[in-house]
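To start, the structure under review is shown below, and the notes come after it.
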Number of protein chains: 2
Amino acid sequence: MTITQLYYVLAVAENQNFTKAAEKCFVTQPTLSMQIQKLEDQLDVLIFDRTKKPIELTDVGKKIVTQARNIVNESYRIQDIVDQQKGFIGGEFKLGIIPTVMPTLLPMFLKNFIKKHPKVKLKIEELATEEIISKINDGHIDAAIAATPLEEENIKERVLYFEPFVSYIPENHRLHKHKKIDVSDLDIDDMLLLEDGHCFRDGVINLCKAFKNQTDDQFQLESGSIETLIKLSNEGLGMTLLPYLHTLDINDKEKENLHHFNDPTPAREVSIIYHKSELKMQIIEALQDVISGVIRGAIAFQNVEIISPLAK
Amino acid sequence: MTITQLYYVLAVAENQNFTKAAEKCFVTQPTLSMQIQKLEDQLDVLIFDRTKKPIELTDVGKKIVTQARNIVNESYRIQDIVDQQKGFIGGEFKLGIIPTVMPTLLPMFLKNFIKKHPKVKLKIEELATEEIISKINDGHIDAAIAATPLEEENIKERVLYFEPFVSYIPENHRLHKHKKIDVSDLDIDDMLLLEDGHCFRDGVINLCKAFKNQTDDQFQLESGSIETLIKLSNEGLGMTLLPYLHTLDINDKEKENLHHFNDPTPAREVSIIYHKSELKMQIIEALQDVISGVIRGAIAFQNVEIISPLAK
DNA sequence: AGTTTCTATAAATTTTATTGATAGTTTTTC
DNA sequence: GAAAAACTATCAATAAAATTTATAGAAACT
């Protein structure tokens, strides 16, 4: 048994297809066929059920894949140990970021980070929280920035900052005249909300859902569509909630529509999250340092109340 | 990086010697030299400090060895998964047994076990508790039978049985006339005790130590030397304590010197212990079943008080 | 039925691991 | 302190293994 064979098994299991898996492994398809067969012979068990199309894992196959993922990950950790010892911070690093954080946070820290850690080849992907969770679990990304807490068993979180929500209330809205808004003022029926599953806790979650159901066919809120949200709001479709960092970007006229909340200000917790195996932890810590540094100057709210991203 | 390379690293780390390690791996010494060098080149770090004689691990080397052991063990588990799925119980299995359990328990279950599981190649070694712990940790044995609880972080325990202690009190002893003995009757100065670090809790531990200090030069209690203990006792050197199963073997005359304890009878807990990675768990469970089966008929005490094997 | 898609197989080739022989060190022994 | 022994590294030769190219065969799609 070799680590390579296990890696091939993982690739086939993920792609459900020898040919595609071979491409991803940068080898030819017969290589996979033969190596996997060799492993199956050695273990004397079939890992894949080749009668099914597309190919499926057998029952034992599933367990073997889980264990194989373990072993392959743990093998990466050896290089990690060496890097850590040397204080080396470099290599490829894949970072996922949720859409509502991407456009505001990324420009704030990217230059700094690249300057400070030029040997790291950052590959950043905009991903929804669900995608992030599955890609952290299968190792397709090394870490991600998302709203927390997520309560995922195999994922660890380190809080980067708390980002308050700010109400955006267009002129014609019943609440527009209020200087400060209270959470209790919010009403389901005239609220446009963010994607990412970021809804308010308890009762307000339902509103969020109600809104989604009602509008699924009419609108499609694309990723990073905070601008769209503002425009829809301007059109009189309701008020909305903006994460604080977004309010720094909008134009002066629209700024007049911003209403801060009474304390405790509702806020979201934004964290860097990663697999519990803690691979490439030096880079994760480097990211944490840089981001915490740039945020320290940008957000200075004190009395916040964290809104869970989980719609329970 | 290959599992084989990691295995070679483990072998050299254990033997502190390339030549010996090569023998244990059934390859020649240049194979180890070259493969380990190759790994070191790839990681760009020295795992071994070859200037020291005998060879030593570098600081990174130590961490790499820990991780390598992980990976190698986890790789074995894949065959384990397959065996478990098939219900296959077989292969080589190394079992350690402490000296005071070996002569009484082994004959009771060995035949049964071999008959029931003929495909298992049992290799049994008599080992002291300390040796057992280290050999379970480095994978040199698959499981062991020892007195518990041990409170070892990486070792799991499954209780097999509770074995009461029986006093052996020679004729000339002050307690000989008592029919039943109470734990409070025991006195340091006239007790011969077992090896294995099995001492009574609290106060009596000290007695045990006192005895050892006093006699280290005069006697050497060998493994499995319960017979010796009885003979020493007969010579008037003091009373002693026998694990219950040993009392089934002694001759009729000596049986007259046996005195059971008042309830709660002091007893030791005997368990099958194994690494938390739970490799070869099917065989461990098979052993547990067979041993529990044969013991059920042999020991029928009810009110026992467990004596910890740890001399705190 | 013909075409496409996919996996298995076979032979050739490249890569990698292993060996046997030996040189160069260090340690041990007398 | 010189000779012997023990140990690791290196080199060229060999054995073993992984990979590739080419192709056959099976299943799915049109």
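Just so we're on the same page: letters track the sequence lines, and every chain starts at 1.
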Quick check: does any side chain N or O of B:Lys280 sit under 3.5 Å from a backbone N or O of B:Glu92, one acting as donor and the other as acceptor?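 Indeed, once roles are kept as given, a pair shorter than 3.5 Å links the two residues.
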
Looking only at atom types and distance, does a side-chain atom of B:Glu278 sit under 3.5 Å from a main-chain N or O of B:Lys156, one as donor and one as acceptor? no

How long is the line joining [atom1] of [X] and [atom2] of [N], in whole Å?
X: B:Lys52; N: D:dT8; atom1: NZ; atom2: C1'; value: 17 Å
X: A:Lys38; N: D:dT19; atom1: NZ; atom2: P; value: 9 Å
X: B:Ile47; N: D:dT8; atom1: CD1; atom2: C1'; value: 16 Å
X: B:Ile55; N: C:dT27; atom1: CD1; atom2: C1'; value: 14 Å
X: B:Leu46; N: D:dT8; atom1: CG; atom2: C1'; value: 14 Å
X: A:Gln37; N: C:dA10; atom1: CD; atom2: C1'; value: 12 Å
X: A:Asp49; N: C:dC6; atom1: CG; atom2: C1'; value: 15 Å
X: B:Ile3; N: D:dA17; atom1: CD1; atom2: P; value: 15 Å

Going by number, which of residues 12-36 of chain B have a non-hydrogen atom under 4.0 Å from DNA chain C?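 Hits under 4.0 Å, by residue number: B:Val27, B:Thr28, B:Pro30, B:Thr31, B:Met34, B:Gln35.
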
Presence of salt bridge, [Y] and [X], under 4.0 angstrom:
X: A:Lys20; Y: A:Glu23; answer: no
X: B:Glu125; Y: B:Lys135; answer: yes
X: A:Asp44; Y: B:Lys86; answer: yes

At 4.0 Å (heavy atoms only), tell me whether B:Phe48 reaches a base, stays on the sugar-phosphate, or touches nothing. nothing

Heavy atoms only: give me the nearest B:Ile78-A:Leu6 pair and the separation to one decimal. CD1-CD2, 3.5 Å

Do the non-hydrogen side-chain atoms of A:Lys52 and A:Gln16 ever get within less than 4.5 Å of each other?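 Heavy-atom side-chain distance check fails, nothing below 4.5 Å.
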
Between A:Lys53 and A:Thr4, who's closer to the 5' end of DNA chain D by nearest nucleotide? A:Thr4

Please check the phosphate of D:dT19 (OP1 and OP2 only) for any side-chain N or O of A:Tyr8 closer than 4.0 Å. yes

